[in-house]
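Only one structure is covered here, and it is reproduced in the block below.
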There are 2 protein chains.
Amino acid sequence: MNIQAEIEKIKHSLMESGYKLTTQREIIVRVLLENEEDHLSAEDVYMLVKEKFPEIGLATVYRTLELLAELQIVAKMNFGDGVARFDLRGQDHEHMHHHLICHTCGALEEIKDDWLLELEQRLEAEYGFKVIDHRLDFIGNFRSCPNDNCKTHKGSA
Amino acid sequence: MNIQAEIEKIKHSLMESGYKLTTQREIIVRVLLENEEDHLSAEDVYMLVKEKFPEIGLATVYRTLELLAELQIVAKMNFGDGVARFDLRGQDHEHMHHHLICHTCGALEEIKDDWLLELEQRLEAEYGFKVIDHRLDFIGNFRSCPNDNCKTHKGSA
DNA sequence: TCTCAATTTAGAATGATTCTAAAATAATGG
DNA sequence: CCATTATTTTAGAATCATTCTAAATTGAGA
Ligand SMILES: [Zn+2]
Ligand SMILES: [Zn+2]
Ligand SMILES: [Zn+2]
Ligand SMILES: [Zn+2]
């Protein structure tokens, strides 16, 4: 995915809602895009942004992430350690992706397909509940964990 | 569900793992059972326990809830406000139930059936991922929200 | 009863997040 | 270009949930 193009899209989302894409915001967004695979905490983002723009304030990072969450550009997630993590939702107003979480080491893999469409239809029909958003995480063990240092047995055919 | 019977079960789980059901722990568990429908924060539990046992310390509440989470008796959940909420998993080692969350007012409804069995088989077969636990929440709008004060239109046939 | 381990307590400490007031920046209108 | 005003950012203080600490309590077994 072309990062510059993504930034443009996000810029439009911001402007639509009456916000500007300031330098700080742009760098924060860029950091998120460049680390799409990770699930960064505000502090993580702060550190990474500081490398490119040392004058940034932590409050700005928090505020911007909050703003991006409001605009549904990122999801603010909580995986049980004490910190909020921010996860790009992906292009356009896509559904929230699902997570596979290694029970041993916490490593994350994402499933981008939407596995919930059927259930959501059923919810509307049977429960009178119209779904706007969802969250689906699985905790378990990978036959082969994406984290090479994970102590789960791996490789051996 | 008979509360006393549930407490017995939980007592067994505790003892199996070498813990005692102290007075404090019992009251905390009782409060959880009596408020099964709610999703109480540690502070909420603390308040409710204090009514029955004013000498209780907040640290004990936190420690006990942590313990119950370890034993899979409760799930420690985070719904995006700043606090952890503790949710009884239900009898035995049942799967974690699903949530319907009102987008307007935050009211919660639970779905106790397991809607994920198929997906979990697929995960094992296609992704080599063996599921231990899951979390599934839907955010959306009820045709008729369980919270009577919710501003979502309701009733009208 | 004495001893040891488990548990609880109050309060201090921590750490993530939010708030505040002042400074910087950007857009607007003359 | 200058003054005005709104938006945004900054540093640091404040808040608030949670965890830690050291001392007191409890309870089972010798
Ligand atoms: Zn993700
Ligand atoms: Zn792993
Ligand atoms: Zn629940
Ligand atoms: Zn509602």
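A, B, ... follow the sequence lines: proteins, then strands. Residue 1 opens every chain.
- Cation-pi geometry between Arg25(A) and Phe53(A) is not met: the NZ or CZ atom fails to fall both under 6.0 Å from the ring centre and inside 45° of the normal.
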Name each donor-acceptor pair under 3.5 Å that joins a side chain in residues 54-67 of chain A to protein atoms two or more places apart or in another chain, with its distance.
| residue | atom | partner | partner atom | Å |
| --- | --- | --- | --- | --- |
| Thr64(A) | OG1 | Thr60(A) | O | 2.8 |
| Glu66(A) | OE1 | Lys76(A) | NZ | 3.3 |

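- Remark: Lys11(B) pairs with no residue by the side chain to side chain donor-acceptor pair (under 3.5 Å) rule, at least two apart or across chains.
- For the pair Asn78(B) CG and dA16(C) P, the interatomic distance rounds to 15 Å; values are reported in whole Å.
- Rounded to a whole Å, the OH atom of Tyr19(B) is 12 Å from the P atom of dT8(C).
- Ring geometry, His134(A) versus His98(A): the interplanar angle falls from 30° to 60°, so the pair is classed tilted.
- His97(B) is linked by a ring-ring contact (aromatic ring centres under 6.0 Å, His included) to His99(B), counting only residues two or more places apart in sequence or in another chain.
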Under-3.5 Å N/O pairs linking protein and nucleotides 28-30 of chain D:
none

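- Ile132(A) and Leu117(A) are assigned to two separate hydrophobic clusters, defined by single-linkage of ILVMFWY side chains at heavy-atom distances under 4.5 Å.
- Residue Arg85(B) contributes atom CZ, which lies 15 Å from atom C1' of dT18(D) at whole-angstrom precision.
- The nearest whole Å value for the distance from the CE atom in Met47(A) to the P atom in dG15(C) is 13 Å.
- Atom CG of Leu21(A) is separated from atom P of dT7(D) by 17 Å (rounded to the nearest Å).
- The nearest whole Å value for the distance from the CG atom in Leu67(A) to the C1' atom in dT7(D) is 12 Å.
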Contact list (N/O, under 3.5 angstrom) for nucleotides 10-17 of chain D vs protein:
| residue | atom | partner | partner atom | Å |
| --- | --- | --- | --- | --- |
| dT10(D) | OP1 | Gln24(A) | NE2 | 3.4 |
| dT10(D) | OP1 | Glu55(A) | O | 3.1 |
| dT10(D) | OP2 | Gly57(A) | N | 3.0 |
| dT10(D) | OP2 | Thr60(A) | OG1 | 2.4 |

Expected list for residues 14-21 of chain A: side-chain donor-acceptor pairs under 3.5 angstrom, two or more places apart:
none

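- What separates CD of Glu66(A) from P of dA16(C) is a distance of 16 Å, to the nearest Å.
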> Does the pair Asp87(B) and Arg85(B) meet the rule for a salt bridge (Lys or Arg N to Asp or Glu O under 4.0 Å), with working shown?
Replying inline: CA-CA 7 Å; Asp87(B) 200 1; Arg85(B) 298 188 173 275; over 6 Å; no

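- Nucleotide dT8(C) holds its P atom 12 Å from the CD atom of Glu26(B), rounded to whole Å.
- Taking every heavy atom of both residues into account, Leu108(B) and Pro146(B) meet most closely at O-CG, 4.5 Å.
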